[in-house]
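In each ligand, atom 1 is the first atom listed, and ligand 1 is the first ligand listed. When reading the values below, keep in mind they use all heavy atoms of this one structure, side chains included, and skip hydrogens, waters and symmetry mates.
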Amino acid sequence: MYADIILPVPLNELFTYSVPISLEPLAVPGARVYVPFGKGRRLTGLIVRTHNVRPTLHEVKEIISVLDENTPSFLPGQMKLMEWIGKYYMCSPGDVFKAALPSGLRPDSSAKEQAFKPRITVFVRLGANRTPRFGKTAVKQKELYERFLDLSGIRDEGAQTRPVTKRTLIDASKSASSFKALQDNGILETYEVETGRLPQFKGSLIEPSPLSEAQHKALDSIRQCFRSKNVCLLHGVTSSGKTEIYIHLIKEQISKGRQVLYLLPEIALTTQIEHRLQRVFGDDMCVYHSRCRDNIRVEVWNRLTGDHPYKLILGARSAVLLPLQNPGLIIVDEEHEPSFKQEDPSPRYHGRNTAIMLASIYGAKTLLGSATPALESYSNAVSGKYGLVTLTERYSGIRMPEIVIVDTAELRRKKYMQGLFSPQLIDSIREALENGRQVILFHNRRGYAGTVECPDCGWVQKCDCCDVSLTFHKSLNTATCHYCGRSYRVPAVCPECSGNRLRSRGFGTEKIEEEVSALFPQARCARLDLDSAKSGYESILEDFQEGRTDILIGTQMVSKGLDFDRVSVVGILQADSMMSYPDFRSTERGYQLMAQVAGRAGRKDVPGKVIIQTRQPDAPVMNLVRRNDYESFFQNQMEERNAFLYPPYSRIISISLKGVKPDEVDRAALILRGQLASVLGEDKVLGPDAPPVAKVMYRYIRRIIIKLPLEITVDKSRALLSKALDNTLSQNVSGITVSFDPDPQ
Ligand code: ADP
Ligand code: ZN
Ligand code: ZN
């Protein structure tokens with residue numbers, strides 16, 4: 001028998017191995033195998049299929065072992081999904097396999113010691129010697145023995161009623177030697193149990209909250225939609241209670257014996273939602289995201305392929321790749337979030353679109369939720385491909401916040417700005433603080449400043465291996481590269497002109513904190529951005545939630561997933577920076593971000609106020625945000641997309657070429673561009689150009705973007721691209737790597 005196997009290598013093919021007779025019963029599709037590969041290497045692979053066709057091309061090697069002895073690690077639907085990802089996102093099966101499987105389940109010859117080890121706990125019970133006698137010198141032993149009797153409950157019940165771990169017993173007595181003596185005399189003995197690392201829910205479960213009338217109607221409409229459609233978009237304003245509706249739907253699925261996958265964007269702060277779900281679903285649920293350690297991932301995976309799988313999986317993008325047995329519903333919350341798309345490494349998959357595919361493989365339904373849906377999703381809903389359910393009011397009649405647009409350009413001219421703050425924002429903050437309310441200040445950049453710059457000669461501090469200016473961090477007096485992570489010391493004098501006036505330009509959350517403290521010395525401030533989050537964002541959030549801090553300053557992280565009761569003012573300091581990206585989605589992103597941040601203002605009996613500071617108060621999007629008019633925003637953007645043939649009126653693929661020699665990369669890019677234009681037409685090919693960061697880790701990058709008409713199928717577009725690429729590579733192009741990013745965000 002032979003097996004076609006996926007290996008974790010970036011080659012676009014399956015590898016055929018022969019299966020020794022003794023392993024045949026175990027070698028089934030979905031099982032992991034250990035195989036020899038290349039010179040002395042051994043890799044973990046995945047069986048896709050078995051057959052009896054002897055490969056003719058080369059010598060066939062034998063599988064060393066099958067790693068799954070009971071149930072295969074991969075389930076059939078999951079493997080179908082992986083195949084689809086490889087095809088649609090144009091990457092090798094090995095890339096998808098690597099992304100799916102926790103490294104602890106993928107031992108290979110170079111990293112054997114990283115393999116998963118189950119967690120074992122050592123427990124204590126009575127030994128064979130049931131009538132112990134303790135001499136006068138054995139006081140400690142006697143104490144320890146008595147301690148065990150107390151802890152175990154044997155004294156009261158006659159039999160051990162509570163498990164006692166060896167660690168508790170030794171910790172309690174501080175005497176490992178006495179314990180050893182008891183063991184040696186057969187008085188106590190130990191036994192081992194595999195206990196696992198997953199936290200267990202302690203506390204009693206509650207029923208889902210009863211829904212309001214509006215929520216109830218929405219829930220009914222969603223059910224109605226699912227009778228005829230596979231995907232439904234729930235467009236509900238911030239705080240309309242979408243999460244409560246999800247909870248009801250999840251409960252329903254579980255009672256029908258089906259699983260639910262609940263996806264959230266990676267950057268979202270999952271703690272609050274995790275607690276809300278845990279109170280209802282307890283140990284039926286698990287959490288899976290990139291911050292989970294590998295051992296935890298392995299345990300989740302094993303439990304999912306076992307006899308008692310989790311019924312609810314709350315996770316980020318990568319959770320779509322988990323083995324699910326019978327999902328009935330997939331929820332994609334904040335479905336508009338760009339972080340659902342994986343950028344690097346390959347597979348560059350979109351979590352939402354992959355979820356929809358996953359659901360269709362299992363005959364399950366997908367519910368997309370957002371206050372600011374992606375244009376693609378909303379247009380699918382408007383066209384009738386998806387169902388559409390709308391919630392226009394906030395839960396329990398809380399009003400939408402009042403949004404005030406402030407023209408900072410004019411205020412600056414008139415010298416009314418105090419640093420970063422307009423008088424309107426300062427007044428609102430003061431009023432909030434006087435009334436014991438809280439404030440959130442939003443800025444979409446981190447660090448003290450964008451760059452370190454010499455005002456005399458214009459020198460800018462850049463990373464040595466990437467073409468990108470460094471971000472200055474004042475508190476550490478260092479500058480870091482956000483592409484490769486290197487840190488640099490900020491020089492005392494300019495290396496170009498020896499000027500000593502090096503200063504930082506632009507501003508970040510640290511600078512805001514400084515100015516706020518100067519304006520409101522009595523206020524307690526905290527900062528939440530990727531840098532401060534490294535030391536644990538939970539405590540920062542908890543302090544704010546409990547009212548121990550008054551002002552929370554943050555980046556994207558404060559824009560969603562958070563629910564605070566006392567926030568009455570939200571300030572967006574520099575709205576323009578959200579929309580200045582050279583990208584056809586920048587207006588959409590700006591709208592979404594502003595609407596989401598604004599949504600943090602105003603809760604129970606606290607009317608909310610949002611101050612948006614901008615240099616372009618007349619930009620149409622500002623007025624739409626102020627009126628919370630998603631419909632008009634949608635119409636307006638769709639016209640633009642249509643005029644320039646951008647999604648959803650086309651499918652975009654971004655192609656990047658990388659190489660160490662800039663001339664070679666340029667030449668290859670021009671050839672490829674020509675090839676593509678000759679097939680698709682000049683107007684469908686953009687570039688080549690240098691992306692904003694045009695050099696990363698010493699490699700130069702050029703980018704070409706193609707707009708594919710919607711009638712070109714995925715198979716056709718793949719064929720077209722690979723032909724253009726072959727034609728390019730055949731023209732003496734070397735040392736260039738090319739990668740594809742379908743549907744870039
Ligand atoms: P969304 O997901 O639409 O932003 P949430 O589900 O987080 O909204 O609801 C906003 C707030 O209202 C939360 O604090 C939530 O606990 C509360 N809430 C929503 N629906 C209900 C309900 N049916 N019963 C009690 N509280 C609710
Ligand atoms: Zn200088
Ligand atoms: Zn760098």
Show the atoms of ligand 1 that are less than 4.0 angstrom away from any heavy atom in [X].
X: Leu211; value: 23 (N)
X: Pro210; value: 22 (C), 23 (N), 24 (N)
X: Thr243; value: 2 (O), 5 (P), 6 (O), 7 (O)

**OP:** State which residues pass side-chain hydrogen bond (donor to acceptor under 3.5 Å, both in side chains) with Asp333; sequence neighbours excluded, sorted by chain then number.
**Re:** Tyr246

Original post:
At the 4.0 Å heavy-atom cut-off, does Ser239 count as touching ligand 1?
Top reply: yes

Original post:
Once the angle between the rings of Tyr646 and Phe584 is folded into 0 to 90°, is it parallel (under 30°), tilted (30 to 60°) or perpendicular (over 60°)?
Top reply: parallel

Original post:
Which word best sums up how the rings of His235 and Tyr378 line up, parallel for under 30°, tilted for 30 to 60°, or perpendicular for over 60°?
Top reply: perpendicular

Original post:
Taking non-hydrogen atoms only, is Gln215 closer than 4.0 angstrom to ligand 1 via side chain, backbone, both or neither?
Top reply: side chain

Original post:
Who are the salt bridge (Lys or Arg N to Asp or Glu O under 4.0 Å) partners of Arg348, not counting sequence neighbours?
Top reply: Asp344

Original post:
Do the numbers put Arg430 on top of the ring of Phe421, so that NZ or CZ is under 6.0 Å from the six-membered ring centre and no more than 45° off the axis?
Top reply: no

Subject >> Heteroatom proximity flag, Arg276 to ligand 1, N/O under 3.5 Å >> reply: yes

